[in-house]
2 protein chains.
Amino acid sequence: MRPNPVPDIVIGRLPLYLRALGQMKAEGNTVTSSHELAGRLGISSAQIRKDLSQFGEFGKQGTGYNIAFLREQIQRILGVDRTWDVALIGLGDLGRALAHYGGFLRRGFQICALYDTDPEKIGQSIRDMPIQSMETMAADIRRKNIKIAMLAVPLSAAQEVVDELVGAGVVAILNYAPTSITVPEGVHVQQIDPALHLQHMTYYIKPD
Amino acid sequence: MRPNPVPDIVIGRLPLYLRALGQMKAEGNTVTSSHELAGRLGISSAQIRKDLSQFGEFGKQGTGYNIAFLREQIQRILGVDRTWDVALIGLGDLGRALAHYGGFLRRGFQICALYDTDPEKIGQSIRDMPIQSMETMAADIRRKNIKIAMLAVPLSAAQEVVDELVGAGVVAILNYAPTSITVPEGVHVQQIDPALHLQHMTYYIKPD
DNA sequence: TAGATTGTTAATCGATTAACAATC
DNA sequence: TAGATTGTTAATCGATTAACAATC
């Protein structure tokens, strides 16, 4: 009998815990508690303990959690106790900002290939990485065994590029194009659309 | 007796519906159904009908929803049947990309003020907007009655800037700094942290 | 009319929380 | 020992879905 899968909503909180633990470590602390974490993150301590209990027993009654240890455990659970290669497609303003962002590496990700359709851009380099043609993208991604892609192309190109990425073996896509994309079973998509978040908030602040 | 508030999780889906309706409109369609929307968004048609029913009756049995009409209604519900002024703080690579992004306006938002601490940047202009000093930020935001801010400053500065924004009357913050921030009751925060989304997905793709 | 789709109800499903024994 | 905090259970709370009468 297979164990029940851990709810996706729990998986989604683990990176949040990891981020907070990283900050606590940077602050020089060595132990924390579900209450302290809860306070930082604005959720309940019971939820944190319940979430962690899905994966094992990481704390000590009376004293709480060792920060370094718990951090390592969550990194392992999420699979970021290693560095993942990531392809970045679309080198407009946003794509360039992502390519320059230095924060991915310490969280388990390394942008290692850049692709665009614009002949003006192809051949240019960012951080010593050449921008390559999308013609060669699929073969290149497959050859490098890249499993994760960040998509910063215009809306009109998004689905087409997604299909190509999936065909090339990519199984996780972070989509910055403001549209829902369709992928086969087993391929994971996360979406970032700032306007969506802004519109969520305006609901609550309408009466000027 | 006050009516039950609409669940936040429902509010969070409305911008998604709005985005899909905008695309359908752009494609030249005039009517749609809960089933078609559900197919596009990968959720159930029952959920869409239930969500919409929180706010009124927008469809017709047998025929579905008029796209233009439903779009207007959701815009009104979310408060994006107008254009909101938005302040952007932090003009690094990401801040610049956001300042140049042309997609906000058609979704109800206009970046109308830029702030940074770097003396090199202050005085420069992006899209005809001058980058202003953070010294003058609070007074300026209050004078202009800006209620929404996008925060693209380094982690180390985030909470400090948030406190100043809140003090200046900002009630909605889109936080790009990779940290949880603390705000008083009545102030809304949404967070964008791409590494969080990537780590969420690696859980499922671990066995290389 | 026949076919389609809404809006809504009740049932199901799943997530969160409160509480506490265990124990450091 | 006394105080603190975990891991876990059961209860509560909330969200999703299935089903269908109403009706276009």
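Hydrogens, waters and symmetry mates play no part in the numbers below; they use all other heavy atoms, side chains included.
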query: Is there a side-chain polar atom (N or O) of A:Ser34 under 4.0 Å from OP1 or OP2 of D:dT6?
result: yes
Using a cut-off of under 3.5 Å, enumerate the N/O to N/O pairs linking the protein to nucleotides 18-20 of chain C.
from: C:dA19; atom 1: N6; to: A:Arg49; atom 2: NH2; distance (Å): 3.2

Phosphate OP1/OP2 of D:dC24 contacted by B:Thr63 side-chain N/O (<4.0 Å): no
query: Base, sugar-phosphate, or nothing: which does A:Ser45 touch, judged by heavy atoms less than 4.0 Å apart?
result: nothing
query: Under 4.0 Å between a Lys/Arg side-chain N and an Asp/Glu carboxylate O for B:Arg40 and B:Glu27?
result: yes
- prompt: Could you give the CD-to-P distance, from A:Glu57 to D:dT9, as a whole number of Å?
  reply: 11 Å
message: Once ring pair (Phe, Tyr, Trp, His ring centres under 6.0 Å) is applied, do any residues pair with B:Phe104, and if so which ones, sequence neighbours excluded?
response: B:Tyr101
message: Looking at A:Asp193 and B:Arg19, is there a salt bridge between them, counting it only when a charged N and a carboxylate O are closer than 4.0 Å?
response: yes
- request: Rounded off to whole Å, could you give me the CD1-to-P distance for the B:Ile48 and C:dT6 pair?
  value: 9 Å
Partners meeting salt bridge (charged side-chain N to carboxylate O under 4.0 Å, His left out) with B:Asp51 (sequence neighbours left out): B:Arg13
message: Which heavy atom of B:Ile146 sits nearest to which heavy atom of B:Cys112, and what is that distance?
response: CD1-SG, 3.7 Å
statement: B:Arg143 meets the salt bridge (charged side-chain N to carboxylate O under 4.0 Å, His left out) criterion, sequence neighbours left out, with B:Asp140
statement: note: B:Leu52, atom CG; C:dT6, atom P; distance rounded to Å ~ 9 Å
Set out, line by line, the N/O atom pairs under 3.5 Å between protein and nucleotides 21-23 of chain D.
from: D:dT23; atom 1: O4'; to: B:Gln61; atom 2: NE2; distance (Å): 3.3

message: Please list, in numerical order, the residues of residues 9-28 of chain B that have a heavy atom closer than 4.0 Å to any atom of DNA chain C.
response: none
query: Can you name the nearest heavy-atom pair linking A:Arg71 to A:Gly22, along with the distance?
result: NE-CA, 3.6 Å
query: Does A:Tyr65 make a side-chain N or O approach to OP1 or OP2 of D:dA4 shorter than 4.0 Å?
result: no
Rounded interatomic separation in angstrom, taking CD from A:Gln47 and C1' from D:dC13: 13 Å
- request: Flag the pair A:Gln190 / A:Ile173 as yes when at least one side-chain heavy-atom distance between them is below 4.5 Å, and no otherwise.
  value: no
task: Ignoring backbone atoms, test whether B:Ser44 places a side-chain nitrogen or oxygen under 4.0 Å from the OP1 or OP2 oxygen of D:dT16.
output: no
field: Shortest non-hydrogen contact between B:Leu174 and A:Pro194, atoms and distance
entry: CD2-CB, 3.7 Å
message: On DNA chain D, does the nearest nucleotide to B:Asp51 precede the nearest nucleotide to A:Phe58 from the 5' side, or the other way round? Give the residue.
response: A:Phe58
Check residues 90-100 of chain B and write down every donor-acceptor pair under 3.5 Å in which the side-chain atom is one partner and the other belongs to a residue at least two apart or another chain.
from: B:Arg96; atom 1: NE; to: B:Leu91; atom 2: O; distance (Å): 3.2
from: B:Arg96; atom 1: NH2; to: B:Gln124; atom 2: OE1; distance (Å): 3.1
from: B:His100; atom 1: ND1; to: B:Arg96; atom 2: O; distance (Å): 3.0

- request: Starting at atom CD1 of A:Ile67, determine the distance to atom P of D:dT5, rounded to an integer number of angstrom.
  value: 13 Å
- request: With sequence neighbours left out, write down each residue that passes salt bridge (charged side-chain N to carboxylate O under 4.0 Å, His left out) with B:Asp116, or none if nothing qualifies.
  value: B:Lys121
message: Test of understanding: with salt bridge (charged side-chain N to carboxylate O under 4.0 Å, His left out), list the residues that count as partners of B:Lys50, not counting sequence neighbours.
response: none
task: Using heavy atoms and a sub-4.0 Å distance, could you list which residues of residues 71-79 of chain B are near DNA chain D? By number, please.
output: none
message: Contact between A:Leu165 and A:Asp163 at the side-chain level, heavy atoms closer than 4.5 Å - yes or no?
response: no
A:Leu70 CG - D:dT6 C1' separation (whole Å): 12 Å
message: Would you say that A:Leu196 contacts B:Leu18 through its side chain, given a criterion of any heavy-atom pair below 4.5 Å between the two side chains?
response: no
task: Please state how far atom CG in A:Leu37 lies from atom P in D:dT5, giving the value in whole angstrom units.
output: 13 Å
- line: When pairs are called at under 3.5 Å and a stem needs at least three consecutive Watson-Crick or G-U pairs, the stems of DNA chain D are C:3-24 with D:3-24
Nearest-angstrom distance from the residue atom CD of A:Gln54 to C1' of C:dT16: 13 Å
query: Does some side-chain heavy atom of A:Val80 sit less than 4.5 Å from a side-chain heavy atom of A:Phe109?
result: yes
- prompt: Considering only heavy atoms from C-beta outward, does the side chain of B:Leu88 approach that of B:Tyr115 to under 4.5 Å?
  reply: no
Donor-acceptor pairs under 3.5 Å, side chain of residues 55-67 of chain A to any protein atom, not counting sequence neighbours: which ones?
from: A:Thr63; atom 1: OG1; to: A:Lys60; atom 2: O; distance (Å): 3.4
from: A:Asn66; atom 1: OD1; to: A:Ala68; atom 2: N; distance (Å): 3.1
from: A:Asn66; atom 1: OD1; to: A:Phe69; atom 2: N; distance (Å): 2.8

task: By nearest nucleotide on DNA chain C, pick out whichever of A:Lys60 and A:Ile43 is the more 5' one.
output: A:Ile43
